Amino acid sequence: MTPKQFLDLVEIRVVIPSIAPLLFGLVYSQWQYARLNWVNSILLIIATVSVHLAVNTFNRYEDNKRQKANQFLRESAAGDVITDKQVLRVAELLAVIAVVAGISVALLTDYKTWIIGIISFLIGYFYSAGPKPITNTPFGEVVSGITMGYLIFVAQVYVNTRMTLFPSVLFQWFVVSLPLVIFISEIMFANNIADYAEDEENKRHTLVHYLGITLAKRLYIMWVVLAFIILMVASVINWLPITSYALIVLLPILLKNARDFVNHPIKEETFILAIKNLVILMLGMTVVVLVGIGL
């Protein structure tokens, strides 16, 4: 297996949904609570990214067994032939790395980190495995968004601050991270919109199947607007710094990318726009919070 094939296999290009809440959680911990723990943060980053890559790899392994057609399962360029056994071993290795890093950060904190980690690991497993993977249901977008956008954010803020997890605290963190939850869900949504015809052939009934392609495209645009409404509300109630108002300048850019995608939803050509939108939002939220720390 060549390095290029390995990176393609683990889908390194879509690791941004894991990085976004980790990075934002780091700066938010400093802005809101003035607390950082670099050892815990690095271990959590290793564990989270490894889980994400392991799930991606195992998902491709399962897809190869389940689907009738999957043109993007293996890289077709010249190089070593990748067998299903190799794919499974890569997934297992990444899972081991995730477990070791996850246990390490849990031992350095307390049982709450164990709970968050176990829940995330179980969701990651059932997301792509079992007789009815979550990714093949209409709940894939919501589950992926909440797991990566909210639970990872909660884990990052908690291992840095060790805040008492009162319901009011968890609700505040949910509202603050909700724009990331939405844009992470948008990546899964965009994937399912682009794969609509193939998924119908393979009897993979995602959210797009139940909404219909026309309504799904409209909802894809509406979610962008909703994320910015939440950002402005969080700024008004001081759950985000005053500098967050500046994020409104990004809305036209993100709306244009979203419209360009729904007007031409071809995975090889426009799916990247969903990832670009998350990157733009993540960097924007990180920068305004960093600036807010200095005020």
Side-chain angles (χ1 to χ4, degrees), residues 11-21 23-24 52 56 72 134-135 137-150 152-153 174-200 204-235 240 244-289:
E11 296 187 277
I12 193 69
R13 66 189 180 281
V14 294
V15 76
I16 296 298
S18 291
I19 298 297
L23 183 59
F24 180 62
H52 191 168
N56 288 347
F72 49 89
I134 297 172
T135 186
T137 72
F139 307 108
E141 286 82 358
V142 173
V143 172
S144 64
I146 291 177
T147 303
M148 289 190 280
Y150 178 59
I152 292 176
F153 175 80
F174 177 72
V175 172
V176 166
S177 65
L178 193 51
L180 289 177
V181 170
I182 291 172
F183 273 77
I184 290 170
S185 297
E186 288 261 87
I187 292 178
M188 176 69 170
F189 204 21
N191 183 73
N192 289 336
I193 290 172
D195 284 348
Y196 176 66
E198 181 183 331
D199 287 345
E200 288 298 295
R204 186 170 176 263
H205 296 162
T206 65
L207 181 61
V208 182
H209 168 81
Y210 292 97
L211 292 176
I213 191 68
T214 301
L215 181 56
K217 289 179 178 180
R218 290 176 184 169
L219 190 60
Y220 186 85
I221 300 292
M222 291 172 58
W223 281 2
V224 175
V225 177
L226 176 62
F228 274 80
I229 292 174
I230 294 165
L231 280 171
M232 294 304 103
V233 170
S235 302
L240 285 173
S244 299
Y245 289 116
L247 289 171
I248 198 67
V249 302
L250 299 178
L251 181 57
I253 300 171
L254 302 185
L255 277 175
K256 180 182 182 302
N257 286 344
R259 290 193 182 103
D260 287 346
F261 170 74
V262 298
N263 290 333
H264 191 63
I266 306 299
K267 181 176 286 187
E268 295 79 6
E269 299 176 20
T270 56
F271 173 70
I272 190 65
L273 293 174
I275 299 175
K276 284 183 178 179
N277 271 4
L278 176 60
V279 172
I280 292 170
L281 182 72
M282 171 193 69
L283 293 177
M285 291 176 69
T286 301
V287 168
V288 297
V289 174

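Only a predicted model underlies this, so the values are computations on that prediction, with no experimental measurement involved.
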J.: Which residue, Val181, Leu180, Val176, forms the side-chain contact (heavy atoms from CB on, under 4.5 Å) with Tyr150?
T.: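 Result: among Val181, Leu180, Val176, Val181 is the only option passing the side-chain contact (heavy atoms from CB on, under 4.5 Å) with Tyr150.
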
J.: Identify the residue among Glu141, Glu186, Lys267 that makes a side-chain hydrogen bond (donor to acceptor under 3.5 Å, both in side chains) with Asn191.
T.: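 Looking at Glu141, Glu186, Lys267, the match for Asn191 under the side-chain hydrogen bond (donor to acceptor under 3.5 Å, both in side chains) is Lys267.
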
J.: The test is side chain to side chain contact (heavy atoms under 4.5 Å, CB included); show your working for Leu273 and Lys276 and say whether it passes.
T.: CA-CA 5 Å; Leu273 293 174; Lys276 284 183 178 179; 4.2 Å; yes

J.: I need the minimum non-hydrogen distance between Asn277 and Ala258, along with the two atoms involved.
T.: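 Shortest heavy-atom contact: ND2-N, 4.0 Å.
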
J.: With a 4.5 Å cut-off on side-chain heavy atoms, are Ile184 and Pro21 touching?
T.: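 A side-chain contact under 4.5 Å exists here.
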
J.: Taking side-chain contact (heavy atoms from CB on, under 4.5 Å) as the criterion, tell me which of Leu226, Leu178, Leu281 meets it with Leu231.
T.: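 Exactly one candidate clears the test, Leu281.
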
J.: I need the minimum non-hydrogen distance between Gly149 and Ser177, along with the two atoms involved.
T.: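 Closest heavy-atom pair between Gly149 and Ser177: O-CB, 3.6 Å.
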
J.: Which heavy atom of Ala190 sits nearest a heavy atom of Ala274, and at what distance?
T.: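 That would be CB-CB, 3.7 Å.
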
J.: Can Asn257 and Ile280 be said to form a side chain to side chain contact (heavy atoms under 4.5 Å, CB included), step by step?
T.: CA-CA 11 Å; Asn257 286 344; Ile280 292 170; 4.0 Å; yes

J.: Of Ile193, Asn192, Asp195, which is the lone residue that meets side-chain contact (heavy atoms from CB on, under 4.5 Å) with Pro265?
T.: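 Single pass found, and it is Ile193.
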
J.: Please report the closest heavy-atom contact between Ser244 and Val288, naming both atoms and the distance.
T.: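 Nearest pair, atom of Ser244 first, then Val288: OG-CG2, 3.8 Å.
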
J.: Work out which heavy atom in Val175 is nearest to a heavy atom in Ala234; give both atom names and the distance.
T.: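 Heavy atoms of Val175 and Ala234 come nearest at CG1-CB, 4.4 Å.
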
J.: List the steps and the verdict of side chain to side chain contact (heavy atoms under 4.5 Å, CB included) for Leu251 and Val224.
T.: CA-CA 8 Å; Leu251 181 57; Val224 175; 4.0 Å; yes

J.: Let me see the working for Val225 and Leu255 under side chain to side chain contact (heavy atoms under 4.5 Å, CB included), right down to the final yes or no.
T.: CA-CA 8 Å; Val225 177; Leu255 277 175; 4.0 Å; yes

J.: To check you understand the geometry: which heavy-atom pair defines the closest contact between Gly284 and Leu250, and what is its length?
T.: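 Scanning both residues, the minimum pair turns out to be CA-CD1, 4.1 Å.
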
J.: Spell out, as yes or no, whether a donor-acceptor pair under 3.5 Å connects the side chain of Asp199 to the backbone of Arg204.
T.: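 No, the answer is negative, given that no donor and acceptor are paired below the 3.5 Å cut-off.
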
J.: Give me each pair satisfying ring pair (Phe, Tyr, Trp, His ring centres under 6.0 Å) with a member in residues 207-228, each pair once, sequence neighbours excluded.
T.: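 Every pair satisfying ring pair (Phe, Tyr, Trp, His ring centres under 6.0 Å) with a residue in residues 207-228: Phe189-Trp223, His205-His209, Tyr220-Phe261.
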
